[in-house]
**Student:** 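The structure under discussion is supplied below as structure tokens; questions concerning it will follow.
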Amino acid sequence: VWESENMVDYWSQRHYANVDIKIGAWVKTSGVNVNPANDDARWFVTYAFYDSAGVLIGETKLPVNQTQATSTGWIADTNAAGQTILPKDSWKTIIKFIGGKDATGTVWADDFILVGRNGGWAGQNWNTSVDMPTGWIYWLPPNGGNDGLLSNGYENTKVSNEATHSGMNALKFDMPFTRTPQDGFVGTKRCLLNTTAKGNNGSVFNIENVKGGDVLRATVWIKASNLVPDSAAKYPDTWSVGFTYGFFKGNENNVGFNSVDGYPKDMSFKFPAVNSFDWTPYTFDFTVPETPDAKALEIRLHIYSRFTGTVYFDDLQITNLSIVSGTQYADAIPTNFTVFQNYPNPFNPSTRISYSIPTATNVTIKVYDMLGNEVITLLNEDQAQGMYTINWNGVNAQGSKVATGTYIYSVKAGNQQTHKKMILLK
């Protein structure tokens, strides 16, 4: 028996009564026993519905078609119209995939279905595609994916081992040039602020001691091919991928959408004008809203409506830049030397410089003026593999405030070195 988590998630507070709900799954069989005599010899997909007190409302059992030993491909196994109409709202819906004790052969089940018929709203049913690991959600056309149908290239979306930045898998979008414009996303489940949570595929949320006004940094590694620079130039807002981020009032089941006012928000990445590029970190810094309602965070890896091409996402990380200064980010394990643009920039009176080192080495960070004169050495010490942030408060080596202007910061780690510009405005 395979059993789901509670499929009534935080997008929809419950699955609704008095709606004709279409449920089921796509199944494929190989070598199963034909014409089973009883339930012990059958394969099933079942949906069980429970009220707010945890009492069973009802269950719909869908026997897998075993009239042929091997199916001709994937077949949608669904209930009949009018078969599943709940007398009460379901606050917990559990899907089971069951093989009886005497059942034989192999059966696959994927793309579990829960959708209101004839436009009725039954509530959402996240994580219905087995390609998406636990801890992630998705919205994939045409109807969020929870009608068992995918289109516009999103049928190619999966967790893949074809290319990885680290670990075993990465999230792959493969969007054909001829597709009909429509956007979709795969995103994290909401993570409570003031926690450190490790997710799937190298994701790390380090958002401890968060308060309103703190700056968080989202970083994801991307590898891309089959890009179309002309389309990107013509449709910069819709031929793109990026983050959608949002703050919410909670993250548990049955709380509904409950977003903080004004969220979620979209942010697009600007890809180079090339047809392909290797693993590259893309970052975005954003501020925690100053309201006690902002209790949870969600990040979506978003493919916007006109984008075409192949992209892999890996190693999504969220870090609270406001509490890491000259110390290592918890649980971050970078594989490349990377220096990020300082934040804020321009700045007054202070700014943060973040970087990652893939191996233990000596790290030196210096600030220069535009004439090449050294202003201050911020760091010169041995550091372990990790991601770091250090602050500069706009003073020189003697502790005096420096003038408004453009400065260069240099980060040297072993035999690797990077320089970037930053602007102090008063």
Side-chain angles (χ1 to χ4, degrees), residues 1-12 14-15 21-80 83-115 122-138 145-150 158-159 168-169 189 199-200 252-254:
V1 177
W2 171 84
E3 182 173 323
S4 73
E5 299 174 346
N6 182 6
M7 300 305 286
V8 186
D9 221 324
Y10 47 75
W11 185 277
S12 179
R14 54 198 181 274
H15 291 156
I21 305 176
K22 179 181 179 180
I23 58 175
W26 286 81
V27 296
K28 183 171 72 170
T29 64
S30 176
V32 300
N33 47 315
V34 177
N35 296 321
N38 52 48
D39 284 355
D40 286 342
R42 291 188 174 96
W43 294 84
F44 297 94
V45 174
T46 69
Y47 281 68
F49 303 92
Y50 300 83
D51 65 16
S52 58
V55 177
L56 180 67
I57 300 169
E59 183 178 54
T60 299
K61 180 183 287 188
L62 303 171
V64 172
N65 186 337
Q66 293 176 238
T67 57
Q68 292 182 327
T70 301
S71 65
T72 56
W74 289 94
I75 300 171
D77 186 9
T78 60
N79 63 340
Q83 182 180 355
T84 306
I85 301 176
L86 303 179
K88 300 169 65 176
D89 290 347
S90 176
W91 295 77
K92 182 172 75 171
T93 299
I94 301 296
I95 305 171
K96 293 183 180 179
F97 178 33
I98 303 169
K101 67 182 182 67
D102 297 325
T104 63
T106 304
V107 180
W108 295 264
D110 200 359
D111 291 330
F112 294 94
I113 298 164
L114 190 150
V115 62
Q124 281 283 2
N125 181 28
W126 291 113
N127 264 349
T128 55
S129 172
V130 181
D131 281 340
M132 298 302 120
T134 300
W136 296 81
I137 65 172
Y138 69 89
N146 64 319
D147 57 356
L149 301 174
L150 298 175
K158 63 180 181 178
V159 173
M168 300 294 292
N169 299 289
K189 283 194 172 182
N200 289 278
E252 64 274 10
N253 282 100
N254 310 126

**Student:** Assess whether side-chain contact (heavy atoms from CB on, under 4.5 Å) is satisfied between I137 and Y10, documenting all intermediate values.
**Tutor:** CA-CA 11 Å; I137 65 172; Y10 47 75; 3.3 Å; yes

**Student:** Do the side chains of D77 and I75 get nearer than 4.5 Å, heavy atoms only?
**Tutor:**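 No; the side chains remain at least 4.5 Å from each other.
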
**Student:** Could you tell me if the side chain of M7 sits less than 4.5 Å from the side chain of D9, heavy atoms only?
**Tutor:**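 Result no, sub-4.5 Å side-chain heavy-atom pair not found.
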
**Student:** Return the orientation label for the F112 and W2 ring planes: parallel under 30°, perpendicular over 60°, tilted otherwise.
**Tutor:**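 Because their plane-to-plane angle is under 30°, the rings of F112 and W2 count as parallel.
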
**Student:** Looking only at atom types and distance, does a side-chain atom of E3 sit under 3.5 Å from a main-chain N or O of I94, one as donor and one as acceptor?
**Tutor:**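 The answer is no, because no donor-acceptor pair under 3.5 Å joins these two groups.
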
**Student:** Answer yes or no: is there a side-chain heavy-atom contact under 4.5 Å between S90 and D51?
**Tutor:**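 No, side chains not in contact.
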
**Student:** Kindly give the heavy-atom pair with the smallest separation between S12 and G123, and that separation in Å.
**Tutor:**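 Taking S12 first and G123 second, the nearest heavy atoms are OG-CA, 3.3 Å.
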
**Student:** Looking only at non-hydrogen atoms, find the nearest pair between V34 and Q68 and report the distance.
**Tutor:**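 The pair with the smallest heavy-atom distance is CG2-C, 4.1 Å.
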
**Student:** With a 4.5 Å cut-off on side-chain heavy atoms, are F97 and T46 touching?
**Tutor:**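 SC-SC contact between T46 and F97 ruled out.
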
**Student:** Any sub-3.5 Å donor-acceptor pair from D111's side-chain atoms to V27's backbone N or O?
**Tutor:**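 Flag not set: sc D111 to bb V27 has no pair under 3.5 Å.
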
**Student:** Nearest 0.5 Å please: distance from the NZ atom of K88 over to the OG atom of S52.
**Tutor:**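 OG of S52 is found 6.5 Å from NZ of K88.
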
**Student:** Using a strict 4.0 Å threshold on nitrogen-to-oxygen distance, state whether D102 and R42 make a salt bridge.
**Tutor:**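 Looking at R42 together with D102, the answer is no, because their closest N to O distance does not fall below 4.0 Å.
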
**Student:** May I ask you to test the T60-Q83 pair for a side-chain heavy-atom distance under 4.5 Å?
**Tutor:**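 The answer is yes; the side chains approach within 4.5 Å.
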
**Student:** Could you walk me through whether W91 and V8 pass side-chain contact (heavy atoms from CB on, under 4.5 Å), step by step?
**Tutor:** CA-CA 6 Å; W91 295 77; V8 186; 5.7 Å; no

**Student:** Rounded to the nearest 0.5 Å, what separation is found between the CD atom of E5 and the CD1 atom of I95?
**Tutor:**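 The CD atom of E5 sits 11.0 Å away from the CD1 atom of I95.
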
**Student:** Are L114 and H15 close enough that some pair of their side-chain heavy atoms sits under 4.5 Å apart?
**Tutor:**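 Heavy-atom side-chain distance check passes, below 4.5 Å.
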
**Student:** In Å, rounded to the nearest 0.5 Å, how long is the span from CG of D39 to NZ of K101?
**Tutor:**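 So the CG of D39 and the NZ of K101 are separated by 11.5 Å.
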
**Student:** Compare every heavy atom of V115 with every heavy atom of A122, then report the nearest pair and how far apart it is.
**Tutor:**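 Reported closest heavy-atom pair: CB-C, 4.2 Å.
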
**Student:** Enter the distance from Y47:OH to S4:OG here, rounded to the nearest 0.5 Å.
**Tutor:**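 The OH atom of Y47 sits 8.5 Å away from the OG atom of S4.
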
**Student:** State, to 0.1 Å, how close A41 and P36 come at their nearest heavy-atom pair, and which atoms those are.
**Tutor:**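 Nearest pair, atom of A41 first, then P36: O-CB, 3.4 Å.
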
**Student:** If you take all heavy atoms of A103 and W43, which pair is closest and at what distance?
**Tutor:**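 Closest approach of A103 to W43: CB-NE1, 3.5 Å.
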
**Student:** Given 3.5 Å as the limit, does a donor-acceptor pair link the side chain of N169 with the main chain of V159, or not?
**Tutor:**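 Checked: no pair found.
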
**Student:** CZ/R14 to CG/N254 distance, rounded to the nearest 0.5 angstrom?
**Tutor:**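 If I round to the nearest 0.5 Å, the distance is 9.5 Å.
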
**Student:** Quick check: do V64 and T29 have side-chain heavy atoms less than 4.5 Å from each other?
**Tutor:**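 Yes, close enough: below the 4.5 Å cut-off.
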
**Student:** Strictly by modelled atom types, are N33 and T104 linked by a side-chain donor-acceptor pair under 3.5 Å?
**Tutor:**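 There is such a pair (donor and acceptor under 3.5 Å, judged by atom type) between the side chains of N33 and T104.
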
**Student:** Any donor-acceptor pair under 3.5 Å linking the side-chain atoms of S30 with those of T106?
**Tutor:**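 The answer is no; no qualifying pair exists.
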
**Student:** Residues in side chain to side chain contact (heavy atoms under 4.5 Å, CB included) with L149, at least two apart?
**Tutor:**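 Checked L149 against side chain to side chain contact (heavy atoms under 4.5 Å, CB included); matches are W26, P142, D147.
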
**Student:** Return yes if some donor-acceptor pair links the side-chain N/O of T78 with the main-chain N/O of I23 below 3.5 Å, else return no.
**Tutor:**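 Checking the backbone N and O of I23 against the side chain of T78, no donor-acceptor pair under 3.5 Å is found.
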
**Student:** Is F44 close to K96 at the side-chain level, that is, under 4.5 Å between some pair of heavy atoms?
**Tutor:**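 Contact flag for K96/F44 side chains = no.
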
**Student:** Regarding K28 and D110, does a basic nitrogen lie under 4.0 Å from an acidic carboxylate oxygen?
**Tutor:**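 Salt bridge between K28 and D110, a charged N being under 4.0 Å from a carboxylate O: no.
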
**Student:** Assess the residue pair I57 and Y50 against the criterion (side-chain contact (heavy atoms from CB on, under 4.5 Å)); give the C-alpha distance rounded to whole Å, side-chain angles, the decisive distance to 0.1 Å, and a yes or no.
**Tutor:** CA-CA 5 Å; I57 300 169; Y50 300 83; 5.5 Å; no

**Student:** OG1 of T84 to CZ of F49: how many Å apart, nearest 0.5 Å?
**Tutor:**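 Here the rounded value is 6.0 Å.
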
**Student:** Does this structure show an ion pair linking E252 with K189, if we count only N-O contacts that are shorter than 4.0 Å?
**Tutor:**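 Looking at K189 together with E252, the answer is no, because their closest N to O distance does not fall below 4.0 Å.
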
